[in-house]
Amino acid sequence: MTLIDAPAATLMLAALLIPAAGALLIPLFHRAPNLREGVTIITAIALFAVVLSLLPTVLDGNRPGMGGFQVLEGLTIAFKIEPLGMLFALVASSLWIINSIYSIGYMRGNGEIRQTQFYVCFAVSIAATIALAFSANLFTLFIFYEVLTLSTYPLVTHKGSKEAKTGGRIYLMILLFTSIGLLLPALVATYAIAGTLDFRPEGILSGKIYGPPLYLLLALFAFGIGKAALMPIHFWLPSAMVAPTPVSALLHAVAVVKAGAFTMLKVVTYIFGLDFLTEADANTWLVYVASASLVLASVVAIAQDNLKARLAYSTVGQLAYIVLAAALATSTSIVGGGMHIVMHAAGKITLFFCAGAIYVAAHKTEISELDGIGRVMPVTMAAFLIGSLSIIGLPPFGGLWSKWLIGIGALDAGHQIAVVVLMLSSLFNVAYLLPIVIRGFMFAPPGTKPGETVAIKEAPLPCLIALSLTALSCIVLFFTAGPIETLLRMVFTGGGNG
């Protein structure tokens, strides 16, 4: 193994090993839940501290690396940190802390089974996510992309019910089919054409493939990255909603779908190259496909009465923002797509935390059952309102900035239709999110008389702490978007991945 920038490489190695070590330690405290969950939180905090300590090195323009184990000529398992990967690792590691706090209240409050297995699989999935974020090449990324799929399958089927097993099978089948049947052939073709799978700022395919073969290769990547949930490769996501809410948060905000969106941005930027895609006009079709996915998912979301199902289709639409940003292939759209990973993560994890809190405290899952829930659970529904406004993209909430930058990128690319789609999507966001809040606060709880005082019954304290923190982050991110944009601009101005 070759180390580049030894101190930073040591920290990188620690970041890769800490969650794996946590997965090994957690089962030792199976009979002591407080210690088990203490290990989980300490591990999560340690991971975030290590990842955060790597940020100054990246901001200084350095690209610390560690590698590699050569499998074939030009194929190595190696790691290197660039701005997109740095940002993704920060999102995953920070939200693991909050999700762990939430999980304590949810798993205990709901009397969930196999809690030790839950925390172990969660730690393994975070380990895979960090390895994916720090991958130096597409070969390494693909390996941990698959590990992430396999490690989250037991989480999706956690309840052990027939419904959970069916949802888990759909989850596993679609993600394995797309990655092995589409993404892997794309990797093989790329390696055959370019002789390498390394991530490079200018791309590795420029000038080496044109015409229909180029369009086909981009299509293999776009639909092979199934975790990006581009329609019609999206059914696994609603099916996976049978999982406990902390798992839904992992799928939608912390790791899984963000791994797909992140991979899409990396492939467009570092494999194809933005200039090459636009010069070859290979990306226009993907702009329209992503736009269609964005609108259709929003329409389907409006029709869902199950709260988690509505949020799931919302995620399909929100992921299409990031695929659209990649398809536009401008530096500004890529920055907007990267920022949307952060902003959507904060907003959507808040909404799922609220959905889980409602289930734990009130045992309600359908939107039609939520009349007056805001009077019974005011903290939870206030957080739901904040998360919704961020997803919609209104100030002063972080979701505004990512949508704004993607819109600017669309204008730069000459795709005015994409701007129209973005505006239309925001209206759909209003249509499927705000009626939930209105129903919760403006309608009276069933069986109550006008003016009657309703007893407050919130979810357990750890759940409230977690959803309050993520709701607060939606506001904080509005005022701290500048440093995030600066980091992402370094993809193009700070040395890229070289």
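Numbers for residues simply follow the sequence, beginning at 1.
- Geometrically, Lys227 engages Tyr145 in a cation-pi contact, judged by NZ or CZ lying under 6.0 Å from the ring centre and within 45° of the ring axis.
- Counting non-hydrogen atoms of neighbouring residues, nucleotides and ligands closer than 6.0 angstrom, the CH2 atom of Trp401 reaches no more than 12 such neighbours.
- Checked against the 6.0 Å centroid threshold, Phe122 and Phe118 count as a close aromatic pair.
- Shortest non-hydrogen contact noted between Cys463 and Ala459 is CB-CB, 3.9 Å.
- Summarising the geometry of Val120 relative to Pro27, their closest heavy-atom pair is CG2-CG, 3.6 Å, with the distance given to 0.1 Å.
- Among Val430, Asn429, Leu434, Leu433, the one residue that satisfies the side-chain contact (heavy atoms from CB on, under 4.5 Å) test with Leu389 is Leu434.
- The two residues Ile225 and Gly260 make their nearest non-hydrogen contact at CG2-O, 3.4 Å.
- Classification of the Tyr321-His340 ring pair by plane angle, with boundaries at 30° and 60°, yields tilted.
- Residues Phe478 and Phe397 place their aromatic rings such that the two centres sit no closer than 6.0 Å.
- Using cut-offs of 30° and 60° for the angle between ring planes, the Tyr288 and His415 rings count as perpendicular.
- Scanning both residues, Met339 and Ala481, for their nearest heavy atoms gives CE-O, 3.6 Å.
- Closest non-hydrogen pair, Glu369 versus Lys364, comes out as O-CD, 3.3 Å.
- Side-chain contact, Thr470 with Thr350: a donor N or O sits under 3.5 Å from an acceptor N or O.
- Between Val323 and Ala228, the shortest heavy-atom contact is CG2-CB, 4.2 Å.
- Between the Ser298 side chain and the Leu294 main chain, a donor and an acceptor come within less than 3.5 Å of each other.
- Listed for the Ser390 side chain is no donor-acceptor partner under 3.5 Å among the backbone atoms of Ile386.
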